[in-house]
Every structure is written in structure tokens, then in C-alpha cells.
Colleague: 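Got a structure for you, written out below as C-alpha cells; questions coming shortly.
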Amino acid sequence: MKRVICLTVMNRPGVLNRITNLFSKRNFNIESISVGLSEHEGMSRITCVVHVEDSSASEQITKQLNKQIDVIKVTDITDQSIVARELALIKVQAVPYTRNEIYSLIEPFRASVIDVSKDSMTVQITGESDKVEAFIELIKPYGIKELARTGTTAFPRGTQRTSQQSKSYSIV
Amino acid sequence: MLQEAALTETKTETHPVTGADLLLRALEKENVEVIFGYPGGAVLPLYDKLYHSKILHVLPRHEQGGIHAAEGYARISGKPGVVIATSGPGATNIVTGLADAMMDSLPLIVFTGQVATGVIGSDAFQEADILGITTPITKYNYQVRSIEDIPRIIKEAFYIASTGRPGPVLIDIPKDIAAGVSDQPEEEKEVNLPGYQPTLKPNYLQIRKLTEAVSRSKKPVILAGAGVLHGRASKELKEYAEQQQVPVIHTLLGLGGFPADHPLFIGMAGMHGCYTANMGLTECDLLINIGARFDDRLTGNLQHFAPHATVAHIDIDPAEIGKNVPTSIPIVADAKEALEQLILQDGKPPAHKEWMETILRWQEEYPYFYDKESGRLKPQKVMEMLHSKTEGNAIVVTDVGQHQMWAAQYYRFNKADRWVTSGGLGTMGFGFPASIGAQLADPEACVLAICGDGGFQMSTQELAIIQEMNLPVKIIIFNNMALGMVRQWQEIFYESRFSHSKIPVQPSFVKLAEAYGIKGYVIQSEEEAEELLDEVLHNREPVLIDFRVDPDENVYPMIAPGKGLHEMAGVKP
């Protein structure tokens with residue numbers, strides 16, 4: 001199963017190495033990881049998407065992450081109501097007569113063209129992973145020259161729907 | 001002129017200091033008594049300051065010996081062992097010791113030299129990325145980037161290494177930082193680590209839950225691990241076990257946490273544990289784990305482990321709870337605090353008369369055994385003699401292999417902190433240097449360094465420390481001319497194809513000892529052993545004894561890999 005884990009970490013040298021090292025040491029599969037500054041000075045936010053076999057494995061991941069000295073907080077937000085986004089840049093082959101076709105795909109996905117050249121154009125798309133995935137599938141036939149994805153970054157919504165149980169392992 | 005002189009006098013406090021000065025000051029502040037270190041290019045500035053220091057410096061003949069000695073020191077003294085190694089090869093030589101200390105939760109502070117900051121990353125002479133190498137095998141590691149940080153980093157390092165679940169912390173110091181000068185060292189501050197706040201106090205509801213579970217239980221056992229020793233909780237463990245009349249099983253590393261002569265003591269469990277302990281874990285209906293991590297050598301096949309039991313687990317490290325064995329009563333706490341709370345509850349002891357009778361019957365029917373009539377010198381007999389002649393008061397330090405298991409089985413520990421062994425990593429070459437650290441931590445104690453002929457040859461060079469410091473360590477070699485445990489497995493699982501496990505060509509260990517000015521003896525029979533041990537165990541001199549034990553002896557009982565605890569082989573003669 002897929003889990004989305006949010007971490008708040010001290011912004012110290014080597015901290016990302018510690019986290020990725022832990023994943024490989026404990027034999028956990030990581031799908032994506034995204035890192036950036038957070039709302040607190042000196043602290044960064046890491047969002048990991050991992051694949052685990054069962055809930056005890058995901059509990060073990062959060063506990064091992066929590067044990068890291070530089071990690072302030074770990075939350076498995078998968079079961080919460082969350083906003084999750086990733087960004088992809090896609091350089092697609094586009095000769096003048098296919099440009100319009102590609103534009104017609106871009107519009108419903110609310111993607112945007114950020115660069116155009118003689119034989120290609122670069123599209124930027126933002127959204128949940130599934131949406132990005134779907135768009136890439138559609139655009140593939142035209143010939144993707146280059147593709148770069150950021151990986152998911154996420155946090156819980158401001159208001160949690162009451163029907164959904166919120167689950168957090170960070171207390172133990 | 002005079003006025004000027006007076007001015008500089010009063011200013012001595014704010015004189016510029018070097019990084020090395022700050023480091024030594026910080027070590028003095030932490031009351032460090034001994035350093036195990038080996039000099040080299042990148043730590044020269046530090047060694048120059050050590051020249052005048054009052055801290056005892058022990059020079060091993062290999063960095064690995066130094067860090068194992070520090071581990072022995074840490075285990076016996078309860079204080080962090082301090083190690084210094086130079087950059088590059090010095091640093092990589094201590095890697096095994098770090099992994100060993102990490103596995104067995106031993107507090108260490110390890111300083112490594114590093115090339116100057118300007119050339120880091122350029123593959124400079126004796127450069128190694130020791131931070132990258134040691135990240136997975138340290139509790140935490142630092143590279144000092146500015147002189148002013150040194151006091152804070154060392155203070156934090158000692159705090160991290162010795163609190164919570166103890167472990168090794170490495171501090172990498174570039175040469176220019178150690179040699180560099182600062183006129184404004186950072187002011188003393190409290191340790192502030194928002195991401196590191198170990199839980200010490202147990203959750204009251206879980207304590208209640210456990211107390212009730214004990215009262216209801218018909219077949220309870222306590223499994224006590226090294227957490228009891230790290231938490232200095234053996235007194236509380238005894239009190240609690242007596243109050244509730246719950247029998248106690250030990251892990252390999254936990255030995256000594258509960259007195260072996262106590263009527264409630266069952267014995268050691270695991271791959272070479274006793275029948276009663278392994279059956280106790282299999283049959284129990286309530287398993288109270290205090291500070292053990294359910295290692296695979298203890299549990300055997302997890303599918304067959306404690307199948308009928310409600311599992312309670314007290315551990316200071318939350319990640320250990322539920323890692324290997326599903327746990328219904330999790331208690332994240334320091335062993336001492338949890339036991340104190342449990343004692344305060346004063347719950348109704350369980351009605352478990354039948355269970356205690358079963359345990360007694362097992363104990364009578366399936367004790368450890370060996371052939372006493374063979375006419376050969378049996379290693380088990382030697383262990384029994386060592387136990388009786390030291391009255392169970394010696395500090396026993398072992399290497400890894402058959403002799404380690406015999407020591408665990410036949411040396412009956414009645415006191416805490418008398419036992420040093422490499423459990424988790426199983427490091428050959430650990431025992432002898434660790435005994436040096438143990439002796440330094442407790443200079444009055446009789447320290448037995450129990451090694452195999454294989455493991456001893458991995459660290460013989462440390463005989464030099466024994467000679468130099470005249471440490472009265474008793475080096476006991478169980479010589480079976482083989483890597484005994486490997487040989488045993490090859491006999492049992494590989495149809496006696498003894499692939500590279502026999503070492504019939506050996507040095508004369510006696511002459512080797514004599515080369516270092518240490519008395520050495522070869523012992524072939526029980527009678528000789530009897531006589532010699534009476535003579536050498538009670539004096540204050542080092543000695544090496546080469547016991548030529550039965551080379552065909554195996555360790556039993558034994559649980560084959562993949563089998564459950566109840567599937568022991570060799571439980572009866």
C-alpha cells in the first residue's frame with residue numbers, strides 16, 4: 001500500500017542523507033521524496049511517498065524516522081483529508097502542425113506552455129500524481145524528449161472531514 | 001609597561017584558544033577519565049594538547065582494538081567510552097566498533113580527524129567521507145564546521161550518547177578547525193534538541209493494563225534484556241519479580257540483570273539457551289519483555305514464537321516495540337521508571353502454581369549437560385571451574401563463538417555489569433580488547449578475557465597494552481584449533497565439510513604472551529587447570545592460559561535456523 005509521510009526536520013547538513021539512508025538501511029521502498037523550506041526558520045519539510053506491505057511496516061517507518069535526532073515531527077497523513085500536488089515539466093516534440101492538437105490536451109488539464117521552440121514545446125503541469133500520470137500518457141504519442149517530476153508534496157487540509165478517521169503515529 | 005602587563009594578566013580568561021583546547025576543556029567538563037586513541041596527521045593539533053592533559057590516554061596497537069576497549073569500558077562503567085582516531089584509515093578502522101556499539105546500545109564518543117576544510121571533497125591524503133560511512137551505524141554524527149561550535153557539539157554528543165537508548169556518536173574534526181584559533185568561544189548553553197526527547201515515564205494506563213494482565217495470567221514470564229542493565233534497574237527487577245512471583249528469563253546481553261541463583265531465575269533463552277527458558281517462552285500466556293529487542297537469535301522462527309502469549313513490551317526505544325513481535329501492551333519508558341511504577345501498583349500476584357511446578361520439572365529434567373566421563377578437557381568444565389574459583393564475582397568478557405555460548409551457559413552471574421559480550425553484531429576480535437576497557441573501568445576486579453583461538457588472533461596486538469600498563473587481565477583461550485561455531489554448523493548443516501574452519505597450524509600462544517612479557521601456560525587436563533587457576537586467578541598479574549579443549553565439542557541445546565524455540569536439538573545426553 002501507498003503511504004504519504006510528512007516530516008519536519010532540522011535544517012542541518014546531511015539531514016536528507018540521513019533520511020534516505022534510513023530507507024535503504026531498513027529496506028523500505030521509496031517512490032518519491034520532496035524537500036524544501038517550511039514555515040519555521042531553520043526547519044525543512046520533507047514529503048515521502050512510500051510503498052509498504054502492511055500497516056505495521058508503515059508504523060515501523062514512522063517510528064524509525066521519529067528516532068532520528070534531526071526529525072522534529074513525523075505524520076503519516078495518508079488517511080487524512082489532504083492536499084497533495086506534484087509538478088512535472090514535459091518537453092514534447094511539436095512541429096507546427098501538431099501544436100494545436102497538443103494545446104487542446106493542455107487546456108482541460110489546466111497545464112501551461114512555458115517554452116516553445118522550432119520543434120518542441122515545454123509543458124508545465126501541476127496536480128495530484130494521478131492527474132500528472134494521465135496527462136503524460138496522453139502526450140506520450142507525440143514524443144516526449146525530456147521529463148522531470150518533482151514528486152509529491154502534501155499536507156492535511158485546513159478542515160478535516162469528520163467521516164474520515166485521522167491517524168497519526170507521531171505521538172509514540 | 002607595568003600597567004600593560006597587569007592588563008594582560010586579567011585578560012587570560014579571554015585569550016584566544018584553539019579548537020583542540022576547547023575540545024579538551026569540554027572533555028574535562030564531562031569528567032572523561034580515559035581516552036582510547038591513536039594519533040595521526042589530522043589529529044596532531046589535538047595530540048599536541050593531550051601532551052599536557054591529565055586525562056589517561058591508552059594507545060591501542062590498532063584503532064579497532066581501541067574502540068572495542070572503549071566499548072568494554074562503557075559497558076562496565078556506564079559512562080561513554082571516548083575514542084580518537086585520525087582521518088582516513090584511522091577513521092575507517094573504527095567502523096566495526098561503531099556498528100557493534102550501535103547494535104548493543106553502548107555509549108561512545110568517537111572523535112575522528114578530518115582533512116582541512118579547504119580540501120574536503122578533493123580526495124586529499126588520508127581523506128575518507130566518515131560521516132557518510134557512519135551515518136547508518138551511529139546514533140548521530142557531526143562534522144565540526146566552526147571552532148565556536150565545539151563546546152556545544154561535545155555537550156550534545158555526550159547527552160545523545162548516554163541518554164535514551166544509548167549509542168555511539170561520532171564527531172569529525174577537520175584539522176584546521178582543531179588548530180584554528182577563536183577568541184569568542186560560544187557561551188555555555190543548555191542542550192536544545194527539539195527532535196530528541198526520550199520518553200522515560202511510562203503511560204499510566206498501560207501500566208494498569210499490564211498489572212491486571214499479570215493478575216489474570218496463569219503462565220507469566222519476564223524476559224529481561226540489556227535494557228535492564230542500561231537502565232540500572234536490576235534492583236527493581238528483582239523486587240518486581242519477587243512481588244509478583246513471576247519467573248525471569250534473560251537474553252544473552254541481559255545476563256546479570258537478575259541473579260542466576262535466585263529461585264525465580266529460569267536461565268538464558270535463544271538459539272543456545274536452556275530448555276526451560278525456551279519452553280517457557282513458547283508456553284507462556286503472558287510475556288513481559290523488559291528492554292530486549294526480540295532479536296532473531298532469541299526468538300527463532302517468529303511464527304512459532306510465544307504463540308499463546310499476550311505480549312507486553314517495555315522499551316525506551318518506541319521503534320523496537322512491535323518491530324518483530326506484535327505487542328498488545330506497549331510501554332515506552334526507561335526500565336527503572338516502568339518497574340518502579342509496576343511495583344507501586346502492587347497488583348495481585350497470579351495464581352500460577354501449576355506453571356511454577358512445570359518450570360521446576362523442566363529445570364530438573366533438562367539442565368545443561370556435557371560428557372563428564374570423556375577423559376578430555378571439556379570447555380564447559382573449564383567454565384564451571386572459572387565460575388567456582390572466582391566465586392561468580394569476575395567480570396567476564398568474551399569474544400564470539402562457542403566459548404561465548406559456554407560462558408553464557410555456565411558462568412552464573414549474580415550481579416549486574418559483570419558481563420561484556422558482542423551480541424548483536426557478533427564481532428570476532430571484540431573480546432580481548434574489550435577486556436582491557438573493562439579492567440580500566442573497574443581496576444580492582446578480576447577480569448576474564450575469554451576468547452577462542454580464532455578470535456584472539458584477530459586482536460593479539462593489544463597484548464602490548466596489557467604489558468605496558470601491567471593490567472591484571474586473565475586471558476583464557478579456549479583452543480580447539482578451529483573456528484568452533486563455524487565448524488559446528490558445517491558438521492550439522494554441511495555434512496561435515498569443514499571448509500576453512502580448522503586452524504591446526506597455530507603460533508605458540510605461550511611464546512606470544514612471553515614476547516610481551518606476560519606469563520603463558522598450556523593446559524591439557526582438568527588437574528592441571530585446577531592447580532594453575534588456584535595460583536593465577538587471585539594475583540594481580542596478567543596471564544595467558546591456552547586451554548587445549550576437546551576440539552569436537554559442540555554447543556547444545558541448539559535451535560537450527562528457521563526453527564521455533566520448541567524445536568531444540570540436543571536437550572538431553
Side-chain angles (χ1 to χ4, degrees), chain A residues 3 5-28 30 33 35 38-46 48 50 52-76 167-172, chain B residues 99 102-103 105 117 120 129-146 149 152-153 156-157 159-161 163-165 167 169-170 172 191-199 202-203 206 302 313 315-327 330-333:
Chain A
R3 310 296 301 183
I5 297 168
C6 274
L7 296 141
T8 312
V9 302
M10 295 300 286
N11 211 344
R12 287 198 183 166
V15 62
L16 186 60
N17 181 36
R18 274 173 213 286
I19 305 298
T20 51
N21 216 311
L22 190 146
F23 279 98
S24 71
K25 172 182 173 180
R26 301 276 169 193
N27 203 11
F28 297 137
I30 194 162
I33 187 162
V35 195
S38 74
E39 71 275 23
H40 300 289
E41 203 180 323
M43 287 184 200
S44 289
R45 195 178 181 91
I46 300 180
C48 309
V50 291
V52 293
E53 275 179 18
D54 47 35
S55 62
S56 78
S58 79
E59 187 179 330
Q60 184 60 207
I61 292 184
T62 49
K63 281 177 167 179
Q64 292 294 351
L65 287 168
N66 236 324
K67 211 161 101 174
Q68 294 293 314
I69 310 273
D70 287 333
V71 172
I72 310 288
K73 195 179 167 199
V74 185
T75 328
D76 182 335
K167 215 173 191 181
S168 159
Y169 296 102
S170 62
I171 37 145
V172 249
Chain B
M102 185 69 175
M103 280 286 231
S105 309
T117 40
I120 289 181
D129 172 19
I130 202 63
L131 235 53
I133 291 169
T134 61
T135 295
I137 51 167
T138 49
K139 187 170 174 184
Y140 199 62
N141 59 17
Y142 293 90
Q143 185 171 67
V144 183
R145 305 269 169 114
S146 101
D149 287 342
R152 173 184 60 82
I153 285 178
E156 281 180 12
Y159 179 71
I160 291 170
T163 56
R165 180 180 180 176
V169 177
L170 181 137
D172 196 34
V191 171
N192 177 26
L193 294 163
Y196 178 70
Q197 275 147 5
T199 309
N203 177 305
Q206 300 293 351
L302 281 170
H313 190 167
D315 207 302
I316 199 156
D317 179 357
E320 288 301 343
I321 299 176
K323 185 179 82 178
N324 295 335
V325 174
T327 302
I331 300 178
V332 180

Colleague: Donor-acceptor pair, A:K63 side chain versus B:I321 backbone, under 3.5 Å?
Modeller: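 Answer holds: yes.
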Colleague: CG of B:L131 to CZ of A:R18: how many Å apart, nearest 0.5 Å?
Modeller: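 Those atoms lie 6.5 Å apart.
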Colleague: With chain B as the partner, which of A:N17, A:I72, A:N21, A:V9 has the greatest number of non-hydrogen pairs under 4.5 Å?
Modeller: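 That would be A:N21.
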Colleague: So does A:N27 have more than 12 non-hydrogen atoms from other groups sitting under 6.0 Å from CG?
Modeller: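 No, CG of A:N27 has 12 or fewer neighbouring heavy atoms, counting only those of other groups under 6.0 Å.
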Colleague: For a quick test of reading the model, state the closest non-hydrogen atom pair linking B:P136 to A:K25 and the distance between them.
Modeller: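 For B:P136 and A:K25, the tightest heavy-atom pair comes out as O-NZ, 2.9 Å.
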Colleague: Output the option from A:Q64, A:Q68, A:K67 having the highest count of non-hydrogen pairs under 4.5 Å with chain B.
Modeller: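 Of the options given, most contacts go to A:K67.
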Colleague: Rounded to the nearest 0.5 Å, how far apart are CZ of A:R12 and CZ of B:R145?
Modeller: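 Interatomic distance, A:R12 CZ to B:R145 CZ, rounded to 0.5 Å: 12.0 Å.
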Colleague: Quick check on B:N203 against chain A: is it the side chain, the backbone, both or neither that has a heavy atom closer than 4.5 Å?
Modeller: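 Interface part for B:N203: neither.
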Colleague: Using 0.5 Å steps for rounding, measure from the OH atom of B:Y142 to the CD1 atom of A:I69.
Modeller: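 Between atom OH of B:Y142 and atom CD1 of A:I69 there are 7.5 Å.
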